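We're numbering straight along the sequence, starting at 1. What you see is a predicted model; the values in this text were computed from it and never measured.
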Amino acid sequence: MWQSMTGEATREQTITATDWQRQAATLTLPAAPARTRLIEVSLALAPRSRWRRGLPSVTLSGAGQATLTYSLEARRRDQRIAWRLPPCATAITLSLTLSGARLTQAPQARCHAQPAIEGPILILAPHPDDAEIAAGGFYTDHAESVHLVTLSCGEQLKGLKRQYLSGLDDDLDSAIRRKAEWRRWNVFATPLLSGIPPERSTLVGVPDGAGWALMHDGIGQRLPIPLSDVRRFNRIALPPSRGERLERDDVVAALRQLIDTLKPATLLVTDPEFDPHPDHRAASLALALALDGSRHRPRTVLLYANHYRDAFPPGPAFQPAWMPPAEIAIERLFASAPTPLAWPLSPAMQKHKALLLDAMSDLSPRADWSQRHRRARRAGFVPTFAPERDRYFQAAIRSTELFRALPSEAFVAAWRERNDSR
């Protein structure tokens, strides 16, 4: 029996494997001749009694699709994987084979019909590179209908030793302004690699690291960099702030104007249930506040997470996207769970996404040999490429990009209820 989830996406009943052993199982899925589906498989694993070199993994095969291998977390008992299937006219059988791990009960599968993506599309990123990490392939595939909005320049700098070019500036204030100038350029230049012109990128100018205090607590923030400098390359004029401070209403007004002007059908924003970064949660809240009073109401909100609480996507690049376990959620915000959506990336698109990430200055610095060695030991695997790069190259460059979809009305209502209960 199918049950409505978002008005356009639906969910099937849970299917339990009838044939399983400690390291193998088979699942039979019903036919779905008119639906592209995401198959969410839940695995209950025995805890590992001792450290083993490398990560455990599970391999899926069947349904006439290419065989896929997923890395698993070494010490987590309950884990999930996802496989996107095209419409199938007959029942299909999936085979699971585990390595370095064993099952404690029969795997279960849930099938989620994939919602249609409609344009125009507005992607809201807390910082430069967040849109590329989460959706570089997705926005390249939809380049003709995408507008990118970035809240902050990402100018925070912990010390002069963290400059992109060592010794370039002699004082921290100058180095912070330099970093803001650098990353502001990234916002407009990097999307050109995917055919998105500068007029479809917009910077708002929220001070880096101050998003949650500004949007949630309503504490106005001093502007370390004048908005006239931050917004220098914007082609869409935004409402001005009042003096040298930025208030919550200024950000809400800017986003509301963009929504009412661009009239997007689909929005992408950070997932408030899974992404714990304060600036990322602030981006989600800011969008909800803007939508609550906008004249235009998009149809669908897609949620993405670039950070996770006490967890990180396991395994090297080019594997399918990781599905975070429910236990690492920060809070339960939505009454009905959003529908998972996997956007497929071809091998060529995965390599293009690597180019997008390398064009972002904050992800491009090289690590020395000792740093690479420590990172590899901590990750539990040997990177398949670019071992000298930031770990996001391994986590972000996957054969699918994972989002969670829900109607914009449900997104706004959930934030409104949360704010009213404070």
Approximate separation, where rounding is to 0.5 Å, of His112 NE2 and Arg35 CZ: 13.5 Å

Leu341 side, atom CG; Leu406 side, atom CG - distance, nearest 0.5 Å: 12.0 Å

Ala311 versus Trp322, closest heavy-atom pair with distance: CB-CH2, 4.0 Å

SG-CZ distance between Cys153 and Arg177, expressed to the nearest 0.5 angstrom: 13.0 Å

Taking every non-hydrogen atom, the tightest pair across Asn186 and Met360: CB-SD, 3.5 Å

Side chain proximity check, Leu333 to Glu417, heavy atoms < 4.5 angstrom: no

Phe274: partners by ring-ring contact (aromatic ring centres under 6.0 Å, His included), with sequence neighbours left out: none

Check: Phe334 main-chain N/O paired with Arg332 side-chain donor or acceptor under 3.5 Å: yes

Basic-acidic side-chain contact under 4.0 Å: Asp129, Arg183: yes

Interatomic distance, Asp271 atom CG to Arg404 atom CZ [nearest 0.5 angstrom]: 4.0 Å

Identified side chain to side chain donor-acceptor pair (under 3.5 Å) partner of His280 from the options Thr270, Asp275, Asn306: Asp275

Whether Thr266 side chain and Glu118 backbone form a donor-acceptor pair below 3.5 Å: yes

Residue pair Asp217 / Arg248, side-chain heavy-atom distance below 4.5 Å: no

Residue Glu199 excluded, over 12 heavy atoms near CD under 6.0 Å: yes

Over 12 non-hydrogen atoms of neighbours within 6.0 angstrom of CZ in Arg309: yes

Donor-acceptor side-chain pairing of Thr67 and Ser61 below 3.5 angstrom: no

Flag if over 12 foreign heavy atoms under 6.0 Å of CZ, Arg77: no

Side chains of Arg76 and Ile328 in contact at under 4.5 Å (non-hydrogen atoms): yes

Expected output: side-chain Ser294 to main-chain His296 donor-acceptor under 3.5 Å: yes

Polar side-chain atom of Glu73 near backbone of Pro314 as donor-acceptor pair, under 3.5 Å: no

side-chain contact (heavy atoms from CB on, under 4.5 Å) evaluation trace for Leu98 with Leu45: CA-CA 10 Å; Leu98 283 86; Leu45 305 178; 3.5 Å; yes

Side-chain heavy atoms of Arg398 within contact of Pro313, under 4.5 Å: yes

Check: Asp171 main-chain N/O paired with Asp169 side-chain donor or acceptor under 3.5 Å: no

Closest heavy-atom pair and its distance - His127, Gly154: CD2-CA, 4.2 Å

Leu302 and Ile121: CA distance, side-chain angles, deciding distance, side-chain contact (heavy atoms from CB on, under 4.5 Å) verdict: CA-CA 10 Å; Leu302 298 182; Ile121 299 168; over 6 Å; no

Criterion side-chain contact (heavy atoms from CB on, under 4.5 Å) on Val41 and Arg110, from CA distance to verdict: CA-CA 7 Å; Val41 181; Arg110 302 186 79 174; over 6 Å; no

Leu43 side chain near Leu96 side chain, heavy-atom distance below 4.5 Å: yes

Note, Pro298 side chain near Leu291 side chain (heavy atom, < 4.5 Å): yes

Main-chain N/O of Ile133 paired to Lys353 side chain as donor or acceptor, under 3.5 Å: yes

Whether Gln257 side chain and Ala254 backbone form a donor-acceptor pair below 3.5 Å: no

Pro272 side chain reached by Leu285 side chain, heavy atoms, under 4.5 Å: no

Reported CG-to-CG distance for the pair Asp130 and Leu151, which is rounded to 0.5 angstrom: 9.5 Å

Reported OG1-to-CG distance for the pair Thr202 and Asn234, which is rounded to 0.5 angstrom: 5.0 Å

Whether over 12 other heavy atoms sit under 6.0 Å from Glu244 CD: no

Donor-acceptor pair between Gln319 and Ser71 side chains, under 3.5 angstrom: yes

Under 3.5 Å: donor-acceptor pair, side chain of Gln394, backbone of Ala317: yes

Nearest non-hydrogen partners of Gln221 and Ala213, listed with the distance: NE2-CB, 3.9 Å

For the student: nearest non-hydrogen atoms of Leu246 and Leu214, plus distance: O-CD1, 3.3 Å

Side chains of Ser399 and Leu345 in contact at under 4.5 Å (non-hydrogen atoms): no

Check: Gln156 main-chain N/O paired with Arg162 side-chain donor or acceptor under 3.5 Å: no

Closest heavy-atom pair and its distance - Met215, Ala286: CE-CB, 3.7 Å

Parallel, tilted or perpendicular: ring planes of Phe403 versus Phe138, cut at 30 and 60 degrees: perpendicular

Step-by-step side-chain contact (heavy atoms from CB on, under 4.5 Å) determination, Asp250 to Leu227: CA-CA 11 Å; Asp250 299 326; Leu227 278 185; over 6 Å; no

Backbone of Ser364 reached by a side-chain donor or acceptor of Asp358 within 3.5 Å: no

Quiz item: cation-pi between Arg281 and Trp212, 6.0 Å / 45°: yes

Aromatic ring pairing Phe188/Phe233, orientation class (parallel under 30°, perpendicular over 60°, tilted between): perpendicular

Glu144 CD: over 12 foreign heavy atoms closer than 6.0 Å: no

Residue Arg297 excluded, over 12 heavy atoms near CZ under 6.0 Å: yes

Side chains of Asp292 and Trp415, donor plus acceptor under 3.5 Å: no

